[in-house]
> 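Have a look at this one before I ask anything.
Heavy-atom basis, side chains included; hydrogens, waters and symmetry copies ignored. Worth saying up front: this structure is predicted, and the values here are computed from it rather than measured.
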Amino acid sequence: MERLPRYAFPIADYEMVYLKRDFFARDTVTVAQDLIGTTVIVGNCAGKIVETEAYRTDAASHAAKLTERSRLMYETYGCCYVYFTYGLHYCFNITTERAGVGAVLIRAVEPLRGIAEMMARRSVEDVKKLASGPARFAQAFGIDKQLNGKPIGRDVKIRQRKETPPISASSRIGISRATDLEWRFYETGNPFVSRFKAR
DNA sequence: TACTGGATTCACT
DNA sequence: GTGAATCCAGTAA
């Protein structure tokens, strides 16, 4: 794979740990990769991010054209981008790139806290099915369009992983390319990764 | 204003 | 593996 830049994260700050907006100002693909293993917190619910997808201005992305919906991806970074799809589902993204255009879709998380709440929202008892898919994650965490446009750090927080610093290249991160420009990252061997279909 | 198709999930075969 | 569910953003007229 191509070599990606590392995020210069001060080790001294590392234990404190909530990602700041600058984290998302970088290249979309790098952000998607670095989010693997971090913890997303919404209300009482928390989960480890185990699968992400980078969207830029390729044809498969909403950002292929500037529209009212995609404007967030053009004008912000480090903000929630929530859209409704198939008449049923919400999907949760975080906008990226200070100068460019992009967003990272959270595709799957491993539930850590608030599991009973997630089960109630999802009407599912199998923990593996709680948040192993983009719409499952949004439903389990109670995410809807109210979060659209809100900056990361308040209603939604991302906590840096504890066991290792945020290094882009990791043997524990798998990569899948659905298209030439579309990248998916996932924690290899993690049972909470969704079973996505390659297009 | 009307139509089209979708960054998905689930039930069923 | 296939099809239905179902709302809305985007587009064409």
> Side chain of A/His89: nearest nucleotide among B/dT9, C/dC7, C/dA9?
B/dT9
> Please give the distance between the P atoms of C/dT6 and B/dA2 as a whole number of Å.
22 Å
> Do the side-chain N or O atoms of A/Lys129 get closer than 4.0 angstrom to the phosphate oxygens (OP1, OP2) of B/dC10?
no
> Give a yes or no on whether the backbone of A/Thr30 and the side-chain of A/Asp27 come within a donor-acceptor separation of less than 3.5 Å.
yes
> In this structure, how many angstroms lie between the P atom of C/dC7 and the CG atom of A/Asp144, rounded?
15 Å
> Touch check for A/Phe84, heavy atoms < 4.0 angstrom, all strands: base, sugar-phosphate only, or nothing?
sugar-phosphate
> Is it the case that the side chains of A/Thr67 and A/Arg71 hold a donor-acceptor pair, with the cut-off being a distance below 3.5 Å and no angle test?
no
> Just the dot-bracket of DNA chain B, please: which string comes out with Watson-Crick or G-U pairs under 3.5 Å, [ ] for crossing, | for another strand?
||||||.|||||.
> Is there a donor on the side chain of A/Tyr83 or the base of B/dA7 sitting less than 3.5 Å from an acceptor on the other?
yes
> For A/Glu97 versus A/Arg26, what's the shortest heavy-atom pair and its separation?
CG-O, 3.2 Å
> What nucleotide among B/dG6, B/dC10, C/dC8 has an atom nearest to a side-chain atom of A/Thr85?
B/dG6
> Ignoring backbone atoms, test whether A/Arg136 places a side-chain nitrogen or oxygen under 4.0 Å from the OP1 or OP2 oxygen of B/dC10.
yes
> Name the nucleic acid region contacted by A/Lys145, choosing base, sugar-phosphate or nothing; use a 4.0 angstrom heavy-atom cut-off, strictly under.
sugar-phosphate
> Among the candidates B/dT8, C/dA9, C/dA5, find the nucleotide nearest to the side-chain atoms of A/Thr67.
C/dA9
> Under 4.0 Å from OP1 or OP2 of B/dT9: is there any side-chain N or O of A/Arg122 that close?
no
